[in-house]
Amino acid sequence: TISDSLSGNKELFYKPRVPQLSPDVTENENIIDQIRRKDILLSYPYESMRPFLRLLNEAANDPDVVSIRITLYRVAKISQIVAALAQAAENGKDVLVLVELRARFDESNNVEQSHELEKSGCRIIYGLDKYKVHSKLCLITRKKADGVEYITQIGTGNYNEKTARLYTDYSLMTANPSIGEEAANVFNALALGETVEHTDTLLVAPNCLQKEIIEKLDRQIDLAKAGKPAYAGFKLNSLTDKTIIDKMIEASAAGVKIQMLVRGICCLVTGVPGLTDNIEVYSIVGRYLEHGRVYIFGSNEEAEVYIGSADFMTRNTTRRVEVAVPVYDPALKSRLLENFRLMLNDTCKLRTQLDDGTYAKVTSEERKFNSQEYFAENSYRRARVLLPEEEGQEKASENPNEPMPAEMIPEQKSSESDSVYTGTDLPDIADEEIPPKTQNTDVLKTHRKNGKKRQKFFIGLIANGTIKKKLKKEIKKNGGKI
């Protein structure tokens with residue numbers, strides 16, 4: 001293979017990295033009890049997905065767990081998550097799984113996985129008529145002597161063990177009752193083929209998220225007009241929603257400072273005098289695919305911080321079911337804010353949007369700082385594991401919460417950027433989250449091989465009214481073939 005022939009050229013290969021166990025999770029203690037005690041935030045691919053898998057497996061065998069609800073958009077072909085859900089149903093839990101059949105390039109896998117879940121006794125919902133369900137939401141309901149309690153997981157990335165090692169994402173697990181109650185409302189609406197109309201805690205598209213983003217930007221505008229510090233920060237895959245863009249321009253004109261990390265499409269041009277001169281747009285293209293969505297309103301202790309599944313694209317904010325959750329724990333909120341700051345100080349993989357809409361690489365003569373490598377190395381140190389290049393050396397720290405050495409952490413940039421621009425253009429990045437190798441012929445070959453089996457299954461779904469008119473028409477157009 002090519003990798004074998006180049007194995008002698010170590011400079012062509014990344015250092016080996018393995019997701020580490022979060023030091024915030026104790027291995028020999030029930031994970032549900034730990035979540036009840038404090039919120040847990042996982043950062044993929046630097047930290048392992050294992051605690052979430054433990055949560056599902058423990059819930060499957062917990063006699064106090066009544067039900068499990070989850071939305072699946074893209075799952076691995078051999079999925080531990082699907083296996084845990086199937087086990088829970090076989091153990092008598094009420095398991096409701098919403099499987100989005102219209103996840104591009106994953107339609108076939110999702111149909112097969114939903115079939116396996118159904119055979120195990122799970123109740124399956126095949127999406128909604130008008131909206132894709134793109135949220136990353138899981139709700140576990142437990143019975144108590146005085147009622148019920150909720151364990152909720154909300155993330156930015158798919159329930160996919162493979163992409164959790166390649167994409168940067170966040171996953172929050174919490175026992176907060178208000179978050180759990182609103183998550184229950186979301187699932188109740190989905191079970192009826194509807195969407196929630198109002199929320200107090202979560203940001204839920206298509207009816208609430210865009211409106212709440214606008215209102216939060218309006219509050220920052222009011223602060224700026226009153227002469228107070230006003231700030232908004234966003235980490236997104238893409239920005240195309242004109243309603244939100246117009247509000248960002250209004251906020252910038254009012255004096256609100258806005259910083260954005262937008263990996264892909266960005267339909268806002270910075271540096272327009274009097275309009276967008278308070279907006280900075282950056283993009284990180286590195287070893288891992290930047291995929292997490294973070295929304296920040298305000299600064300320091302006053303900041304509101306959310307993580308969620310929605311990019312600021314019209315398709316996400318008005319035509320999909322998306323969920324974003326506030327991060328209340330001060331330590332976790334501080335960690336997200338610090339991560340955002342560190343990414344903005346990257347001098348190896350960061351690009352900045354220039355006034356003409358093009359991008360240039362940010363470099364520094366004084367210090368090389370790769371934020372992704374920093375997060376990877378810090379995950380090893382927090383987990384008290386030696387880095388591969390440190391084998392045989394004494395461990396740097398026995399304190400899992402001790403930060404990286406000070407010389408590795410960049411100071412906050414001033415508003416007057418002194419970075420050197422090399423003129424390197426930003427590579428084109430697809431705006432749809434497509435797992436690696438999905439564009440090869442494997443799916444098509446599998447499709448043809450099992451075509452008759454799938455066709456029979458689809459026809460059964462259609463007979464039950466599960467697949468809607470649009471899909472029926474498509475099948476008819478293809479001569480009855482899937």
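Index from 1, following the sequence. As a basis for the values below, the full set of heavy atoms in this structure was taken, side chains included, without hydrogen atoms, waters or symmetry mates.
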Exercise. Is the shortest distance from a Lys or Arg side-chain nitrogen in Glu58 or Arg142 to a carboxylate oxygen in the other one below 4.0 Å?
Worked result: no

Exercise. With a 4.5 Å limit on heavy-atom distance, are the side chains of Pro19 and Tyr44 in contact?
Worked result: no

Exercise. Parallel, tilted or perpendicular: which fits the ring planes of Phe312 and Tyr295, with parallel below 30° and perpendicular above 60°?
Worked result: tilted

For this session: Would you name the heavy atoms of Tyr159 and Lys136 that are closest together and state the gap between them?
Result: OH-C, 3.1 Å

Exercise. Between Asn158 and Thr163, do the side chains contain an N or O donor and an N or O acceptor separated by less than 3.5 Å?
Worked result: no

For this session: Using only heavy-atom distances, determine whether the side chains of Ser238 and Asp311 contain a donor-acceptor pair under 3.5 Å.
Result: no

Problem set entry | Close side-chain approach of Thr152 to Cys138, heavy-atom, < 4.5 Å | no

For this session: Mind running side-chain contact (heavy atoms from CB on, under 4.5 Å) on Arg50 and Glu27 for me, showing each step along the way?
Result: CA-CA 10 Å; Arg50 181 172 166 180; Glu27 281 293 291; 2.8 Å; yes

For this session: Report yes or no: do Asp346 and Ser371 form a side-chain donor-acceptor pair below 3.5 Å?
Result: yes

Problem set entry | Pair Tyr359 and Tyr282, ring centroids less than 6.0 Å apart | no

Exercise. Taking side chain as C-beta onward, heavy atoms only, is Leu42 less than 4.5 Å from Pro51?
Worked result: yes

Problem set entry | Donor-acceptor pair, side chain of Glu149 and main chain of Lys144, under 3.5 angstrom | no

Exercise. Taking only residues two or more places apart in sequence, or in another chain, which ones meet Tyr170 in a side-chain hydrogen bond (donor to acceptor under 3.5 Å, both in side chains)?
Worked result: Asn339

For this session: Quick one: list whatever passes side-chain hydrogen bond (donor to acceptor under 3.5 Å, both in side chains) with Lys216, sequence neighbours left out.
Result: Glu304, Tyr306

